[in-house]
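Data first, discussion second: the structure below is written as structure tokens.
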Amino acid sequence: SSFEKYSDFLMIKGARNYECPVVRDTAESCMLRNVKKSLSPKIIPNVCKNCEYRLTRQKMLFKPHLITNYSYYFVSALYAKSLQHRLLTVYDESHLLNDIFAGHLELNITTKRISYLRRILNDLTITDSKKRMGLLLGYKKQIENNQVNNFNYKKFMQKFFTLLTQVGAEYESKALSFYSLDKKDDYTKHIKASKVFLGFASRYKIFTEHNYESVVDIDKTKISLKPIFIKKMFELLNKSKYNLFMSATINKEYISQTLDIPLSDIAFVKPEPAFAPETKEIIFR
């Protein structure tokens, strides 16, 4: 809200924060965002021309200053590749950057989540739904019976996410066929299902493409994989010539270690206190 009166600043959020009246859902389920270029849509609704999310995304190309949260920044940099390179990126409260990133990429395969995926397959059938539900049940039982451990979890994950990718791709294909028939409700249901499966699988892809340090935690209810430091991943996140890491509790050694930036490339600036320390006495009671 501090920048609302400045026309050069653009606040942007994720698609689920914008409404799409066409599909009566958020912009995350938007038809035009998901339709393939090879398809010729029967109708492009007039409301799409005034879509808040679409117009905001267009403004990103020519607005000099963008403001967003860490989550949208990570998604745009790692998956969507929609952020243009700029002169400067400012990271506020940057002492939290590594922990927020690790939490954002944390991969949790829980027995509860597998049950949820099986319900989707049961309620929204596709090819071999029953067989695929059986495969998911098998993966759930492997976790519950302590059959997944530190030695075989990578192989388990590979098979599990291959299945999710196949299911998600089929839901997406069916959604597009419903789109071409102008069946909005069926489209929305199937595109949502595809995003559940493909979205989960795409997070695993990040782990396989970038071999960085991580910790695994396994018990009878879950398999959890979590990065320790951003390190080399910062090369993907970095969208500027210069980066300003702002924090009252940070030092350049911490930045160097967590982001794998040479100390010689880091300058540390410590301005005078904004408020006089002598008037900020702490009184213990």
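When a residue number appears, it is its place in the shown sequence, counting from 1.
When every heavy atom of Y171 is checked against every heavy atom of I126, the shortest pair comes out as CE2-CG2, 3.4 Å. Looking at every heavy atom in both residues, R16 comes nearest to E28 through NH2-OE2, 3.3 Å. Nearest heavy atom pair, residue T221 against residue I143, reads C-CG2, 4.0 Å. Heavy-atom minimum distance, I120 versus V196: CD1-CG1, 3.9 Å. Contact record, S71 with H104: OG-CE1, 3.7 Å, taken as the closest heavy-atom pair. Across K222 and T110, no two heavy atoms sit closer than the pair CB-CG2, 3.9 Å.
Crowding of F275 atom CZ: a count of heavy atoms from other residues, nucleotides or ligands under 6.0 Å not exceeding 12. For K112, the NZ atom is loosely surrounded, since the number of other residues' heavy atoms within 6.0 Å does not exceed 12. Within a 6.0 Å radius of NZ in K189, no more than 12 heavy atoms belonging to other residues, nucleotides or ligands are found. Around atom CZ of F9, more than 12 heavy atoms belonging to other residues, nucleotides or ligands sit under 6.0 Å away.
Looking only at distances, a side-chain donor or acceptor of N98 sits under 3.5 Å from a matching main-chain atom of I228. S76 places no side-chain N or O within 3.5 Å of a backbone atom of Y73 that could act as its donor or acceptor partner. In this structure a side-chain-to-backbone donor-acceptor pair under 3.5 Å is present from T56 to E52. Between the side chain of S256 and the backbone N or O of E253 there is no donor-acceptor pair closer than 3.5 Å. Looking at S115, its side chain does come within 3.5 Å of a backbone N or O of T111 through a donor-acceptor pair. A donor-acceptor pair under 3.5 Å links the side-chain atoms of N145 to the main chain of K141, judged by distance alone. Of the possible polar contacts, one joining the N17 side chain to the G14 backbone as a donor-acceptor pair under 3.5 Å is found. Listed for the N69 side chain is a donor-acceptor partner under 3.5 Å among the backbone atoms of Y72. The backbone N or O of R113 lies less than 3.5 Å from no partner atom in the side chain of R118, so there is not a single donor-acceptor pair. Judged purely by atom type and a 3.5 angstrom limit, T68 uses its side chain to pair as donor or acceptor with the backbone of I12.
Two residues are said to be in side-chain contact when any heavy atoms from C-beta on lie closer than 4.5 Å; M233 and L105 meet this criterion. At least one side-chain heavy atom of I114 sits less than 4.5 Å from a side-chain heavy atom of F160. M157 places a side-chain heavy atom less than 4.5 Å from the side chain of I223. Side-chain contact between N122 and K130 is present, with at least one heavy-atom pair separated by less than 4.5 Å. Side chains of N152 and N149 form a contact here, defined as non-hydrogen atoms less than 4.5 Å apart. Between Y153 and I218, the closest side-chain pair of non-hydrogen atoms falls below 4.5 Å.
The CG atom of D92 sits 11.0 Å away from the CD1 atom of I67 when rounded to the nearest 0.5 Å. Atoms NZ and CD1, on K232 and I230 in that order, are 13.5 Å from each other to the nearest 0.5 Å. Rounded to the nearest 0.5 Å, atoms OG (S240) and CZ (R86) are 8.0 Å apart. Note that OG1 of T89 is 13.5 Å distant from NZ of K241, once rounded to the nearest 0.5 Å. Between K63 atom NZ and H65 atom NE2 the span is 10.0 Å, to the nearest 0.5 Å. For the atom pair CD (E144) and CD (Q142), the distance works out to 11.0 Å, reported to the nearest 0.5 Å.
No side-chain N or O of T26 forms a donor-acceptor pair with one of E19 less than 3.5 Å apart. In this structure, a donor-acceptor pair under 3.5 Å is absent between the side chains of Y91 and Y70.
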Between L259 and L97, is the side-chain contact (heavy atoms from CB on, under 4.5 Å) condition met? List the steps. CA-CA 10 Å; L259 305 186; L97 177 59; 4.2 Å; yes
Might you work through the salt bridge (charged side-chain N to carboxylate O under 4.0 Å, His left out) test for R132 and E170, ending with a clear yes or no? CA-CA 12 Å; R132 286 164 165 170; E170 186 161 343; 3.0 Å; yes
Using the side-chain contact (heavy atoms from CB on, under 4.5 Å) rule, take L225 and Y204 through it: C-alpha gap first, then chi angles, then the decisive distance, then the call. CA-CA 9 Å; L225 193 62; Y204 171 69; 5.7 Å; no
Criterion side-chain contact (heavy atoms from CB on, under 4.5 Å) on L10 and M60, from CA distance to verdict: CA-CA 7 Å; L10 175 67; M60 286 175 63; 4.0 Å; yes
Could you walk me through whether D25 and K192 pass salt bridge (charged side-chain N to carboxylate O under 4.0 Å, His left out), step by step? CA-CA 10 Å; D25 200 1; K192 276 188 172 182; 2.8 Å; yes
Yes or no on side-chain contact (heavy atoms from CB on, under 4.5 Å) for F268 and K270, after CA distance, side-chain angles and deciding distance? CA-CA 7 Å; F268 186 71; K270 186 176 182 180; 4.1 Å; yes
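Put simply, the residue from N108, D217, D219 that forms a side-chain hydrogen bond (donor to acceptor under 3.5 Å, both in side chains) with S224 is N108. Checking each of F234, F229, F74 against F101 for a ring-ring contact (aromatic ring centres under 6.0 Å, His included) leaves exactly one that passes, namely F74.
Side-chain rings of F200 and F161 approach one another, their centers coming within less than 6.0 Å. Ring to ring, Y187 and F178 are not that close: their centroids are 6.0 angstrom or more apart.
By the rule that hydrophobic residues join a cluster once side-chain heavy atoms approach within less than 4.5 Å of another member, L198 and L176 end up as members of separate clusters. Clustering ILVMFWY residues whenever any of their side-chain heavy atoms sit less than 4.5 angstrom apart, transitively, puts L137 in a cluster other than the one holding L163.
With sequence neighbours excluded, the residues that form a side-chain contact (heavy atoms from CB on, under 4.5 Å) with I283 are E281, R285.
Counting side-chain heavy-atom gaps under 4.5 Å among Ile, Leu, Val, Met, Phe, Trp and Tyr, the cluster of L88 also holds L87, V90, Y242, L244, M246.
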